[in-house]
Novice: 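Mind looking over this structure? Questions follow.
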Amino acid sequence: MSTVPSSSATVSLSIRGASVRLVKALRRLTVRAAFPAELAKLGEIVENLRWTWNTDAQELFESVDPDLWTQSAHDPQRMLGEVKTERLAQLAGERKFLRRLEDVHDDLTAYLGRPRWYQQQRSARADLPDSIAYFSPEFGIAEVLPQYSGGVGILAGDHLKSASDLGVPIIGVGLLYGSGYFRQSLSPDGWQLEHYPSLDPQGLPVQALHDAHDNPVRIALPLPHGRVLHAQVWVAQVGRVPLLMLDSDIEENDNAARQITDRLYGGGAEHRLEQELLLGVGGVRAIRAYCEITGTPAPQVFHTNEGHAGFLGVERIRELVADESGGLGFDDALQAVRAGTVFTTHTPVPAGIDRFSRDLVALHVAAMSALPVERILDLGAEEDPAIFNMAHMGLRLGQRANGVSVLHGAVSRDMFAPLWPGFDPAEVPITSITNGVHAPTWMAREVVELAEREVGTAAVAQGNGWEAVDKVSDAELWRVRGELRERLVREVRRRVHNSALQRGMSEAELGWTASVFDPDVLTIGFARRVPSYKRLTLMLRDPDRLRSLLLDPQRPVQIVIAGKSHPADDGGKQLIAQMVRFADDPELRHRIAFLPDYD
């Protein structure tokens, strides 16, 4: 695979209100290399993102060319496109490699085909749904598919991967952003700079959805003033789970419509609203097309991860009202939709909720649906009569709602209590499901090997038998922890060095980066998005105390920090700059580091 620039566009970098415009490729056209026939199964393994949590597949890719594997940032599609033809021919005749390839491919085939936990449950409970739709504005599957910004996306990605491992029949739905979120660097004074890469879908682990006549599947939504928004449907295969991703950057659209899926959480209010209409309304239409083409059962449950996809409920109401076999009235359709809708709220503060002008929503809804506009607007009503609140719509459309921890559930019941007048906050029907993680993604190979040794591969895959870890000696656990911490320290030093170069320091000034952090010191990690309300700089409330903790001669600590602030959030950027300036102190920089551009 190689890439060449195609077309051009201006790209803006904001530096404290100033604007710098650069000419950059609008897209990068990706040319994929062909495999020898003996290596065809390698392509099948690459196309399914299960490799991102399967260490055998990763080690197989690495064995193709260890140097290219590192240079490609562990992106097998990119690496294989750059491997020399002679090397591929050599591997095609190498019996040891072909046996490993066969083993990894057989394992993937078995993983995709065998009944798993959910299928076992269904044998005893026929009421479990045949299919579940899961909508999210972002999905953090892996670095090779940069379509996420923070915790909402990481949870969504882990959700799909865990569902795949359990055999839960989920269909993911999101948008395919032409620049993802953004790449982050720092100015010399610690101010966040944003860079927007041009992502070519042909270079990403996605495939265009085609109909029975091999035509690319595209959905359409009416927009105000007679315009129409078209979107291409792409599919990323996440183990057993398909993730449908909608892309508006296609020829059928006018220039404004092509930009709707340009960036995650980008643009002004109308831009964001049109993104969310595409995600919700367009996502339902994409699911209908996908199910018809593939024979997948239509979802019986729709789950929206935050309020961004809330318009999916409006589209489902429209379907029921317009049903030619006997449509329902609006109220009956609303109740039917509520019965099959789940809403997860993430934010603990009103500032984290999407709120739009009621008039702007009315303009778009009137163009898109024959439903009574006032009834739709009522779904998003809040205290301010001029505002349409996406979280309120999600709660009114969801039969079940949850926060993401016990404490967050309590905060949410308090925050949204006005939606249930007459109820005490404790009685508000918002429960909580504490966020988990997809263990195979976040566990180091060394820890997995310890667990597999004690309880077996199958038990680890199913998440069972962890009590057997008690059999592992403290000395062995400490040895593994030490190895992993040394790896972390090497990575911190590499990133600190590269960031310092980007900020204008010379190589001659960077000798200190070789001794940043200590593998034998207690290490604390802090990585998240940086809106003002998440209080990144709370640790600087008493800077002298923090300094004394970092530099304690007997029991020092060290802190590694990463975070991105929304490009339009100067308040969040100021928090980052404040933290970076503190970490720049020559007396402290060996104990605290801000690493830009978390991935």
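Hydrogens, waters and symmetry mates play no part in the numbers below; they use all other heavy atoms, side chains included. Positions are given from 1 along the sequence.
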Novice: Decide yes or no on side-chain contact (heavy atoms from CB on, under 4.5 Å) for Glu143 and Asp75, but give the supporting numbers first.
Specialist: CA-CA 8 Å; Glu143 295 93 330; Asp75 181 344; over 6 Å; no
Novice: Passes side-chain contact (heavy atoms from CB on, under 4.5 Å), Asn54 versus Asp107? Steps please.
Specialist: CA-CA 10 Å; Asn54 181 268; Asp107 177 68; 3.6 Å; yes
Novice: Can you pull the side-chain hydrogen bond (donor to acceptor under 3.5 Å, both in side chains) pairs that have at least one residue in residues 409-418, sequence neighbours excluded?
Specialist: His408-Ser412
Novice: For residues Leu312 and Thr304, report the shortest heavy-atom separation together with the two atoms involved.
Specialist: CD2-CB, 4.0 Å
Novice: Between Arg318 and Glu315, does any side-chain N to carboxylate O distance fall below 4.0 Å?
Specialist: yes
Novice: Does Arg396 reach the main-chain N or O of Ala381 with its side chain, forming a donor-acceptor pair under 3.5 Å?
Specialist: yes
Novice: Are the side chains of Glu319 and Val284 in touch, meaning some heavy atoms are under 4.5 Å apart?
Specialist: yes
Novice: Distance to the ring centre below 6.0 angstrom and angle to the axis at most 45 degrees; does that hold for Arg263 and Tyr196?
Specialist: yes
Novice: Tell me the closest heavy-atom pair linking Pro440 and Trp53, and the distance in Å.
Specialist: CB-CD1, 3.9 Å
Novice: Could you tell me whether the side chain of Asp262 reaches within less than 4.5 Å of the side chain of Asp249, counting heavy atoms only?
Specialist: no
Novice: Report the distance from atom CD1 of Ile317 to atom CD1 of Ile376, rounding to the nearest 0.5 Å.
Specialist: 7.5 Å
Novice: So how far is it from Phe61 CZ to Ser72 OG, rounded to the nearest 0.5 Å?
Specialist: 10.5 Å
Novice: Would you please say whether a donor-acceptor pair under 3.5 Å links the side chains of Asn253 and Ser248?
Specialist: no
Novice: Do Phe135 and Ile287 have side chains that approach each other closer than 4.5 Å (heavy atoms only, starting at C-beta)?
Specialist: yes
Novice: side-chain hydrogen bond (donor to acceptor under 3.5 Å, both in side chains) between Thr344 and Asn402: does it pass, once the steps are laid out?
Specialist: CA-CA 5 Å; Thr344 295; Asn402 68 278; 2.9 Å; yes
Novice: Considering all heavy atoms of both residues, which atom of Arg288 and which atom of Pro299 are nearest to each other, and what is their separation?
Specialist: NH1-CD, 4.2 Å
Novice: Judged by atom type as modelled, is there a donor-acceptor pair below 3.5 Å linking the side chain of Glu138 to the main-chain atoms of Val152?
Specialist: no
Novice: With side chains defined as the heavy atoms from C-beta onward, is the minimum distance between Trp51 and Leu108 less than 4.5 Å?
Specialist: no
Novice: Heavy atoms only: give me the nearest Gly167-Tyr118 pair and the separation to one decimal.
Specialist: O-CB, 3.4 Å
Novice: Quick one about His74 and Gln58 (side-chain donor to acceptor, distance below 3.5 Å, no hydrogens or angles considered), yes or no?
Specialist: no
Novice: Among Leu176, Leu243, Leu175, Leu264, find the residue that satisfies the side-chain contact (heavy atoms from CB on, under 4.5 Å) test when tested with Gln147.
Specialist: Leu176
Novice: Please test Glu251 against Arg258 for salt bridge (Lys or Arg N to Asp or Glu O under 4.0 Å), starting from the C-alpha separation and ending with a verdict.
Specialist: CA-CA 8 Å; Glu251 296 80 3; Arg258 292 188 73 155; 5.1 Å; no
Novice: Indicate yes or no: does Arg240 engage Asp165 in a salt bridge with an N to O separation below 4.0 Å.
Specialist: no
Novice: Kindly say whether Thr261 contributes a backbone atom to a donor-acceptor pair with the side chain of Gln275 at under 3.5 angstrom?
Specialist: no
Novice: Taking only residues two or more places apart in sequence, or in another chain, which ones meet His303 in a ring pair (Phe, Tyr, Trp, His ring centres under 6.0 Å)?
Specialist: Tyr134, His159
Novice: Give the minimum heavy-atom separation between Ser432 and Gly409, together with the two atoms involved.
Specialist: CB-CA, 4.1 Å
Novice: Start with the C-alpha gap between Leu334 and Arg338, add the side-chain angles, then the distance that decides, and say whether side-chain contact (heavy atoms from CB on, under 4.5 Å) holds.
Specialist: CA-CA 6 Å; Leu334 172 59; Arg338 289 192 76 242; 4.1 Å; yes
Novice: Between Lys564 and Ser149, do the side chains contain a donor N or O and an acceptor N or O under 3.5 Å apart?
Specialist: no
Novice: Going from CZ on Phe343 to CE on Met390, what distance comes out if it is rounded to the nearest 0.5 angstrom?
Specialist: 9.0 Å
Novice: Check whether any side-chain heavy atom of Asp332 lies under 4.5 Å from a side-chain heavy atom of Leu320, and answer yes or no.
Specialist: no
Novice: Measuring from Leu160:CG to Leu49:CG, what's the distance to the nearest 0.5 Å?
Specialist: 10.0 Å
Novice: If you count every heavy atom of other residues, nucleotides or ligands that lies below 6.0 Å from Asn255 atom CG, does the total exceed 12?
Specialist: no
Novice: Under 3.5 Å, is there a donor-acceptor pair between the side chain of Gln237 and the main chain of Asn48?
Specialist: no
Novice: To the nearest 0.5 Å, what is the distance between CG (Leu377) and CE (Met393)?
Specialist: 10.0 Å
Novice: Evaluate Val144 against Leu204 for side-chain contact (heavy atoms from CB on, under 4.5 Å), listing each step before the verdict.
Specialist: CA-CA 7 Å; Val144 296; Leu204 298 175; over 6 Å; no
Novice: Do Glu374 and Arg358 sit within salt-bridge range, that is, some charged N less than 4.0 Å from a carboxylate O?
Specialist: yes
Novice: Tyr111 ring centre to Arg50 NZ or CZ under 6.0 Å, with the angle to the axis within 45°?
Specialist: yes
Novice: Got a donor-acceptor contact below 3.5 angstrom from the His392 side chain to the Phe388 backbone?
Specialist: no
Novice: I'd like to check Asn215 versus His210 (side-chain heavy atoms, cut-off strictly below 4.5 Å). Are they in contact?
Specialist: no
Novice: Would you mind reporting whether Thr296 and Tyr290 have side-chain heavy atoms less than 4.5 Å apart?
Specialist: yes
Novice: Between atom CD of Gln77 and atom CG of Leu145, what is the distance when rounded to the nearest 0.5 Å?
Specialist: 10.5 Å
Novice: Decide, yes or no, whether a salt bridge links Glu449 with Arg445 under the criterion of side-chain N to carboxylate O below 4.0 Å.
Specialist: yes
Novice: Say whether, by atom type as modelled, one donor and one acceptor occur between the side chain of Glu306 and the main chain of Thr347 under 3.5 angstrom.
Specialist: yes
Novice: Salt bridge check: are Asp56 and Arg100 linked by an N-O gap of less than 4.0 Å?
Specialist: no
Novice: Kindly indicate whether the side chain of Phe311, heavy atoms from C-beta on, has any atom under 4.5 Å from the side chain of Leu273.
Specialist: yes
Novice: For the pair Lys41 (side chain) and Leu101 (backbone), establish whether a donor and an acceptor sit closer than 3.5 Å, ignoring hydrogens and angles.
Specialist: no
Novice: Can a donor-acceptor pair be found, under 3.5 Å and without considering hydrogens, that links the side chain of Ser136 to the backbone of Phe139?
Specialist: no
Novice: With distance as the sole test, does Gln119 use its side chain to make a donor-acceptor pair with the main-chain N or O of Arg116 at under 3.5 Å?
Specialist: yes
Novice: Return yes if some donor-acceptor pair links the side-chain N/O of Arg400 with the main-chain N/O of Val342 below 3.5 Å, else return no.
Specialist: no
Novice: Can you see which heavy atom on Ile353 is nearest to which on Ala391, and at what distance?
Specialist: CG2-CB, 3.6 Å
Novice: Taking the six-membered ring for Trp, is the centroid-to-centroid distance between His308 and Tyr265 below 6.0 Å?
Specialist: yes
Novice: Does Gln399 CD have over 12 foreign heavy atoms under 6.0 Å away?
Specialist: yes
